[in-house]
Each structure stands twice: as structure tokens, then as C-alpha cells.
> 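I have a structure here, written as C-alpha cells, and I will follow up with some questions on it.
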Amino acid sequence: MKVLVPVKRVVDYNVKVRVKADNSGVDIANVKMSMNPFCEIAVEEAVRLKEKGAATEIIAVSAGVAQCQETLRNAMAIGADRGILIETDVELQPLAVAKLLKAVVDREQPQLVILGKQAIDDDANQTGQMLAALLGWGQATFASKVEIEGNTAKVTCEVDGGLETISVKLPAIITTDLRLNEPRYATLPNIMKAKKKQLDTLKPADLGVDVTPRLTTLKVEEPPKRKGGVKVADVAALIDKLKNEAKVI
Amino acid sequence: MVRRAHHERVLMTSPNPPEMRTTVDFFLHHWLNIDSLTSRSRFEDHSRETFSAVLDTAEQIAADKYAPFNREVDNEEPRTETNQDGTLRVVLPRATHEAWAAYAGSGMLAAAQDYDLGGMQLPYVVEAAANMFFSRASISISWALLTTGNANAIMAHGTPAQKEVFAKNEFAGRWAGTMCLSEPQAGSSLSDIATRAVLDDENDSLGPRYRLFGNKTWISGGEHDVTENIVHLVLAKIPDENGKLVPGTRGISLFIVPKFLPLPVGEVARAFSPARDAGAGEGKTAVDKDSNVAFPHRHSVPPLPEGEGKTRNDVVLAGLNHKLGWRGTPNTLLNFGEGKFKPLGNAGAIGYLVGKPGDGLRCMFHMMNEARIGIGLAATMLGMAGYEASLQYAKDRKQGRPITGGSTSSPRAEKNAEQPPVALIEHADIKRMLLAQKSYCEGAMALLLYCAKLVDETHTGAEASAAEAKLLLEVLTPIAKSWPSENCLEANSLAIQIHGGYGYTRDFPVEQYWRDNRLNMIHEGTHGIQAMDLLGRKVVMEGGKGLTLLATKINDTIQKAFHIPELAEHAQSLARALQHVGAATKSAWSTGNPNEALANAVPYMQAFGHMVLAWVWLDVALALVHEARVDTRADQQVVGAGLTALSESADEARLIPAFAGTRLPADGGSFRDGKLAACRYFFAYEVPKIEAWLAVVKTRDMTCANISADAL
Ligand SMILES: Cc1cc2nc3c(=O)[nH]c(=O)nc-3n(C[C@H](O)[C@H](O)[C@H](O)COP(=O)(O)OP(=O)(O)OC[C@H]3O[C@@H](n4cnc5c(N)ncnc54)[C@H](O)[C@@H]3O)c2cc1C
């Protein structure tokens with residue numbers, strides 16, 4: 001079974017991002033970039049499936065600028081067998097990514113696509129679902145446990161207030177939640193091995209996909225600064241404030 | 001549910017901006033141009049990408065498995081429990097085991113080794129840089145560098161069988177290593193060690209086999225159950241034909257004393273007998289059949305015999321030292337040959353000779369440069385950790401109001417009590433203490449990475465430049481070890497000062513950094529011993545050749561800086577400092593009396609170190625100023641900045657544009673401003689100390705040397 005794992009290059013989770021002066025977006029010039037942590041979990045899950053004998057080949061795919069190669073190498077150091085870069089400088093929105101991935105799926109014919117449930121930069125939580133719709137495949141989102149049983153995947157999904165275990169027929173889409181696994185580190189020998197693995201580069205045009213953005217960003221702002229707290233004299237004063245000032249009770 | 005802290009943090013804002021990584025990347029790729037190393041055959045598979053990936057892995061493991069447990073390993077000091085057989089075992093927190101597993105599992109232990117040893121042929125400078133992240137996160141949780149050092153010594157001087165059995169298991173992280181030099185009566189003076197080694201069997205397959213008897217103390221990692229075996233590298237003396245120990249260091253030999261004997265000796269003999277060539281290995285030998293003896297495949301390492309067959313060697317834990325800091329690492333007293341166990345039927349700790357008899361110190365100190373750079377980096381990273389903590393604290397803590405008022409006609413300071421208090425970082429004195437820390441720690445980091453690159457040069461450079469690097473390291477290594485040990489410790493003291501009373505409590509991390517750092521002036525050659533090595537040996541050896549070479553390098557930087565208006569004045573101060581150091585070296589030795597010359601060896605080393613750091617800062621500043629100029633041009637050109645040009649052929653320098661891919665962070669210039677301010681600080685506040693230190697050296701002041709014990 002082939003598994004396709006899309007991985008996204010995002011601003012490292014450690015970086016405190018700044019909004020650009022003209023409010024057109026977040027400044028990512030020269031900041032540290034890493035693989036989206038949910039994508040790391042996706043790669044790890046694919047590698048575990050391979051180690052269990054359920055998967056035979058893992059293909060990591062990333063869409064974006066040339067530096068996404070580093071993200072793909074990282075995926076290959078964790079255990080992906082080869083990588084595909086769909087290179088473009090155009091700002092990619094979830095629908096465009098889903099279409100690109102569909103085209104890759106058509107070419108590669110994987111039985112399973114494992115994606116992160118969302119990327120920590122835009123938090124859109126859309127690509128997996130859109131891809132499932134475009135392919136007409138079943139989907140299991142927010143997965144915290146995955147078992148492959150013959151032609152189906154038994155997936156435990158995190159839902160509001162608990163867990164829901166569903167069975168989806170393969171081929172299918174799975175998106176990962178935080179609790180699915182703890183990704184392994186890219187070890188030094190594997191970093192060297194990853195360097196020698198195959199990495200193909202395509203352009204969106206090669207896949208016949210128009211990636212032009214459909215949405216326009218009007219304005220990006222910092223979240224409002226937290227206001228300082230006040231000390232209240234007693235419980236009565238607290239209740240009064242909650243009722244009349246904060247209007248939450 | 002156990003999950004990686006890093007993924008938890010996805011959902012929070014991070015308290016830890018990747019500031020240090022930016023500095024590390026700048027020094028490595030921009031200032032030192034380490035990417036040029038990839039043109040050497042040993043490193044040809046490497047690229048900037050692989051170097052970065054290694055640092056990423058190190059940073060991640062350090063953040064997940066080291067940093068969160070630094071306080072825990074300090075609180076839960078190692079303690080002993082008694083085993084059924086009456087021996088002592090050391091109890092360590094679980095975090096220590098997990099940190100080791102992650103470090104060893106990442107391949108860091110073998111990073112510099114050949115591919116067929118499970119290594120990645122990583123340049124030492126990148127390995128050292130990666131290790132910085134672990135040191136900063138928790139210096140004492142892991143003593144992995146001891147294991148690497150131990151295995152490296154075996155690789156350099158051991159027999160093929162010793163490499164195969166001991167070094168390989170260490171690189172794989174299954175066994176850990178120690179360095180057993182010190183004894184209660186022999187610390188700085190190793191010539192006084194009294195551990196005896198008596199020949200047992202000349203022809204053991206693991207090398208001439210001896211029985212060791214004696215006591216070692218201060219042995220870091222001497223006992224624990226983090227790994228399944230411990231490989232002690234032990235200095236001991238082989239008695240002469242009259243049964244006497246030879247005085248001096250010449251009688252010292254080096255032995256491998258494993259806690260458990262690797263295999264029943266007969267089996268090792270079979271596994272490694274020269275007659276056993278490919279295909280001949282019938283039956284249950286532990287070595288892969290089709291492997292060659294030198295380095296069979298990774299998985300064919302002879303395993304420890306399980307259970308019953310595990311032969312316990314006659315080396316036992318006598319107790320633990322209870323330390324000021326560095327508490328995550330158990331520090332042990334070990335007894336060799338007290339007869340608690342009788343391996344192969346007799347009392348006496350079995351030890352396999354490494355190298356030739358009498359060659360022990362040379363073999364042990366073969367990797368001395370790396371070991372001392374490692375200590376310098378530890379000191380530097382503890383300094384960095386304190387700097388980062390106090391910087392954050394100074395931004396958060398509000399106290400006091402800005403000084404206002406006053407004029408030239410009526411100078412006086414006023415404060416407006418109506419105003420809300422400001423953050424500590426608004427006060428000039430706090431900024432002074434922050435800038436001092438920054439200049440000590442980042443300067444030390446630059447020096448150490450520079451030295452680490454020299455180590456690579458000695459291994460892979462062309463003959464002439466390798467020789468040059470070796471000579472430079474002779475003079476710089478005492479500084480690389482001692483300067484950060486003293487000055488980054490001072491940085492930790494300033495970090496406490498910035499915290500005020502809070503810094504003096506265990507609720508904040510800075511007191512621990514200071515306690516941990518206090519060790520570095522003591523081990524791996526005390527401050528005083530390093531100073532005597534510098535003034536007594538290094539600057540005078542071969543007619544002062546090393547010092548002359550260093551002076552040439554410093555002069556190169558001075559020449560370049562003279563042409564840059566904003567740096568010309570610093571260049572002048574550095575030139576003066578260099579002159580003073582040269583003159584002081586001469587005056588110290590002018591009477592030829594070593595007692596007079598060395599009476600003030602420590603002030604000499606302090607001055608020398610400050611001169612070296614001033615040089616480093618000026619060179620870093622040069623690179624930054626160059627960058628500013630290059631930035632303004634459309635096409636980026638190759639500009640070899642100062643030190644970077646050192647010992648690199650012009651060809652190599654041309655291969656990789658110095659600034660390719662290394663842009664300063666887009667932070668409105670604050671990265672550069674910070675570095676240049678640290679440089680200015682160093683020249684304004686530190687460089688003037690040089691002359692004062694040297695005064696007593698020049699006059700061969702005997703105030704201290706001559707005072708009688710009674711008068712003290
Ligand atoms: C936490 C810790 C970990 C250690 N780990 C190890 C280890 O793993 N393996 C190991 O073998 N050792 C280890 N050591 C031992 C360490 O290397 C010694 O403590 C060190 O070499 C100094 O020896 P000493 O303690 O006997 O001090 P001494 O040699 O007694 O020195 C005391 C003071 O006298 C000065 N002094 C000594 N001789 C002279 C002289 N000739 N002229 C002028 N001044 C002199 C010294 O500079 C020092 O200031 C460790 C020590 C500590 C504290």
C-alpha cells in the first residue's frame with residue numbers, strides 16, 4: 001500500500017511572528033521555518049504503518065517555494081521513501097493545495113493520504129476535507145488512533161466531548177490530531193540517508209492546476225494586547241464586575 | 001499520555017525566541033564560512049542543509065528532553081542504594097535515562113565517525129555547535145561527551161578488537177564511558193597516582209590484560225544503570241621489576257576497565273582471533289559471519305552475555321561526591337581491585353592496556369583540544385542560559401523610575417514618583433550587566449567555534465594549514481577552556497544580580513547556572529594549571545612560534561579594521577594590547593627564573609584571554625560591517641572577513657560565496673546593533689583591564705609568591 005503524506009513548511013512554532021507594517025500579512029522574511037507539527041505526526045504515522053507492514057511506500061509531497069525541499073528532506077529523514085515538490089512562489093490557499101494533491105494522487109494512486117488536521121500558520125483546517133471531496137474518498141479527520149484492517153481503516157477521531165471510532169473504506173483521507181503519536185527525531189544517520197533519496201520537482205502547470213488565489217486578504221492585525229488585571233476587594237465586588245462590566249454572568 | 005513538549009507548545013506562545021540559533025548560524029555560516037568544508041572529501045556528502053538538519057535535531061531534543069528537567073536533576077541529586085550483593089548502585093531520575101536515550105538514539109555520539117561506524121562524518125565544528133544546545137538546556141543531565149571522548153581515545157590508540165568491542169558499543173549508546181585520572185592524593189599532579197597495574201595475561205584478545213588495584217575519585221558517570229555497561233578508561237602505573245612505581249608521569253599507562261567483561265574471554269578470543277577470517281566463523285560466535293574483523297556491520301557488535309554469564313569486574317562504587325552543582329551527573333569514588341568480585345577467578349580489576357606501557361597520558365590527552373573546547377562550550381552555554389533568563393526577567397520585572405531632571409548648570413538626578421515604575425531593562429546599570437553577559441558569552445561562543453573549526457583543519461586541511469591550525473590550537477586551547485570558565489561564570493553572577501533577591505532563590509534558574517558553572521574552573525585542568533601551561537609552555541615553546549603565529553592572525557584583523565572608520569579605534573586598542581602581551585611575556589621570562597615568571601601566570605592568562613576575545617569581537621564586527629556594505633550592492637560578492645580567511649585556500653573561499661543564504665535577520669537591524677554594541681562594550685569596559693593585569697607580570701611582582709605561610 002502506497003501512502004501519500006503532504007507536508008507543509010511553516011514558520012517554526014518557536015518564532016514569535018510579527019505582522020508586517022502595512023498589515024498585508026505576517027513577516028516571514030528570515031524567520032526560522034520548520035515542518036508543520038501536525039504534518040510531522042502524519043509522517044510518523046505513515047512510517048509506523050510501514051514498520052507494521054501495512055504500508056509499502058511513503059511519498060512525501062510539499063507545495064510551495066523551493067525551500068520546501070528542506071521540509072521534504074526532513075520528512076524523508078523521519079522515514080518517507082521519496083519526495084515530490086510542487087514548486088511555486090504563488091501564495092497557496094487550501095483549495096489550490098487540495099487540487100494539486102488530487103493531481104498527485106491521480107498520478108501516484110496511493111491507498112491512503114495522511115495529512116495534518118491543520119497547519120499552525122493559517123489554522124485553516126480545510127485541505128484534507130477538500131481533498132476528500134475532490135477525490136470522492138471517505139475521510140477520517142482529527143485522528144488519534146489508526147488501524148489498517150484489510151481494505152478498511154479503523155480510525156479513532158477526536159470529536160467534541162469525546163472520541164468516535166469509525167471505519168473508512170480505502171482509499172481514504174486521514175487527518176492527524178495531536179494525540180495520534182509522538183514523532184521520532186530525525187537522527188543523524190537518517191539525515192544522511194534522506195539526502196540520497198529521490199526528490200522530484202514539478203510545477204503546478206505540469207499538473208494542470210491553476211493555483212491563483214481565490215481569496216483576498218484584506219488586513220492582518222496582531223491580536224489585541226491583554227489588558228492588565230485588577231484586584232477586587234471581595235467576592236461581592238467580583239460578582240458585580242463579572243455581571244456589569246464583563247457581562248459574562 | 002506522554003507527548004513531546006514541543007507539540008504541546010504548538011498551542012501556546014513560546015517563551016523562547018530562537019535568538020541563539022540565529023547567532024550560531026551567523027557565526028558558522030557567515031563568519032566562519034564552514035560551508036567551505038563541504039569541498040573536502042571527508043565532508044563531500046554534506047551541505048548547509050545537512051548541517052542545519054543536525055542543529056535542528058539537537059535543538060529539538062534539547063528542548064524536549066533536557067531543558068524541562070534541568071531543575072529536577074538538580075533537586076533529585078544522585079543517591080545510592082545497596083544491592084543484594086552488598087554493592088552500591090546509583091539512583092537517577094527517569095529524565096536522565098530518557099535524555100540519554102534520545103541523545104544516543106539521535107546518533108550524536110557517533111556524529112563525527114565514519115559512515116560504516118554508524119556516523120555521519122560530521123565536521124567537529126558542527127558537532128560542537130550541536131552540543132551547545134544540549135549544554136544550554138541542561139549541562140548535567142547527560143555526560144555523553146565523556147563517552148564520545150572515551151571512545152575517541154580508543155579509536156585513536158586501541159587495537160582493532162578494542163575498537164570493535166568498546167568504542168563501537170559506546171558510539172551506539174549501549175555502553176557509556178568514563179575518564180579515570182584523579183585520585184585522592186593526585187588531582188592536578190597526575191604524576192602522583194598510585195593505582196597499580198600488574199600483568200595478568202600478555203595475550204588476551206582484547207589487549208595485554210592487567211589487574212588493577214587502587215582508588216579513583218571524582219569520576220563522573222562512574223556508576224549508573226543508564227547503560228548496560230560502563231567502560232572506564234583508567235590511568236595506572238605498571239610497577240618496575242622491583243615492584244616499585246616509577247615516579248613522574250612517564251610510568252603512567254592507560255587501561256580499559258569495563259564494569260562487566262564483554263564476553264567470556266575465550267569467546268572474545270575466538271571472535272577476534274586473526275585466524276577467524278570470513279566464512280570460518282562456525283557456531284555461535286557473536287560476530288557476524290561475513291563481516292571483517294576491523295569493522296563488521298553495525299548490528300554485529302558482540303553483545304554482553306546475558307544474565308548468568310555477565311562477568312562483573314572488580315571495580316566497585318565506594319560512594320558519591322555531593323556537589324555544589326552539576327548534580328545531574330553522578331560523581332563517584334571507585335575502588336579497583338578490592339576483591340569484591342573475582343573476575344576469572346581472581347581479585348583485581350581486569351584492565352586491557354591501550355597503547356604502549358608508559359604512554360598513558362599521551363593517549364588520554366590525545367583529544368585534549370576537543371575535551372577542553374567542550375568545557376569552554378559548557379561554561380559558555382551556562383552563561384548564555386543565564387543571559388537569556390536575566391534578559392527575559394529584566395523585560396518583565398517592573399521596578400524604579402527613570403532618572404529625569406538636571407542640567408549642566410544644576411546637575412542632579414530626579415525621579416517622578418507619580419510615574420508608574422518601568423521595566424528593569426530601562427535602567428542603564430541593568431543594560432550594562434546584560435551587555436557584559438552578551439559580550440562574554442557570544443564572544444566566547446565565537447572563539448570556541450573558531451577553535452572547533454581549527455580542529456577540523458588539523459584533521460582535513462592541507463598539510464601546511466593543518467600544521468598552522470595545530471600550532472594555533474596549542475596557544476588558544478588554554479584560553480578556550482579557561483576564559484569562558486571565568487568570565488561566563490561572572491556572567492552568571494550578573495544574571496543573579498539582575499534578578500535581585502529573586503536570583504538568590506531556587507525559584508529562578510540563575511542560581512543553578514552559577515553553581516553548575518563554578519565547576520569549569522576546576523576540572524579538566526584547574527585555572528591555575530592552565531595558566532602555567534600557557535605562560536610556562538605554550539607561549540615559549542619552539543621559540544615562541546605559536547605566539548608569533550597568533551600575533552600574525554591578530555594583526556591581519558587589525559589591518560583590515562584600520563580601514564573601517566567605525567572600527568579603527570578598536571584596531572588601535574587591540575594593537576596596543578598585543579604589544580603589551582608580547583612585552584609582558586618577555587619581561588616575565590627575562591630573568592629566566594620560572595618561579596618569577598610563573599608567579600603571576602593567572603593574571604597573565606586573564607590578560608591574554610581578554611586580548612584574544614577582543615580580537616574575536618573585532619573580527620566579528622568586521623564581518624558585520626562588510627555585510628552592511630555588501631548588502632547595499634546588487635550582486636553579493638565574496639568578502640573574506642578576517643578569521644574566515646584563515647587557512648582556507650583561495651579556491652575554497654571562492655566555492656561558496658561567504659554570504660550565500662546567510663542573511664542577517666530582518667529585525668530592523670537589532671541583531672547587528674546588538675553584536676556591534678557587545679564589541680564596543682568589550683573594548684570600552686574590558687580591554688583596559690589588560691594593562692592592569694599585565695603590570696604585575698611585567699614587574700615579576702613577588703608579593704604573593706614570597707609571603708610566608710605564617711603571615712597569611
Ligand atoms: C564535579 C567534578 C567532576 C570531575 N570529574 C572528573 C572525572 O570524570 N575524571 C577525573 O579523573 N577527574 C575528575 N575531576 C577531578 C578534577 O579534574 C580535579 O578536581 C582537578 O584536576 C583538581 O584536582 P584536585 O581537586 O585534587 O585539586 P588540587 O590539585 O589539590 O588543587 C587545589 C588548588 O591548588 C592549585 N594547585 C595545584 N597544584 C598546583 C601547583 N603545582 N601550582 C600552583 N597551584 C596548584 C590548583 O590550581 C587548585 O586551585 C572532577 C572534579 C569535579 C569537582
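Order of the sequence lines sets the chain letters (A, B, ...), proteins ahead of strands, with each chain counted from 1. A quick note: this is a predicted structure, and the numbers were derived from the prediction, not measured.
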> Evaluate the side-chain proximity of Leu49(A) to Ile148(A): yes if any heavy-atom separation is below 4.5 Å, no if none is.
yes
> Taking Gln69(A), Lys195(A), Lys196(A), Arg73(A) one by one, which has the highest count of heavy-atom pairs under 4.5 Å against chain B?
Lys195(A)
> Going by side chain to side chain contact (heavy atoms under 4.5 Å, CB included), name the residues that satisfy it together with Glu51(A), two or more places apart in sequence or in a different chain.
Val47(A), Arg48(A), Arg184(A)
> Are side-chain N/O atoms of Gln118(A) and Asn36(A) paired as donor and acceptor at under 3.5 Å?
no
> Quick one: list whatever passes ring-ring contact (aromatic ring centres under 6.0 Å, His included) with Tyr393(B), sequence neighbours left out.
His499(B), Phe508(B)
> List for me each residue that meets side chain to side chain contact (heavy atoms under 4.5 Å, CB included) alongside Glu221(A), sequence neighbours excluded, and say none if there are none.
Asn23(A), Lys219(A)
> Using only non-hydrogen atoms and a strict under-4.5 angstrom cutoff, which residues of residues 49-56 of chain B touch chain A?
Glu49(B), Thr50(B), Ala53(B), Val54(B), Asp56(B)
> Can you find a heavy atom in the side chain of Tyr66(B) that is under 4.5 Å from one in the side chain of Ser142(B)?
yes
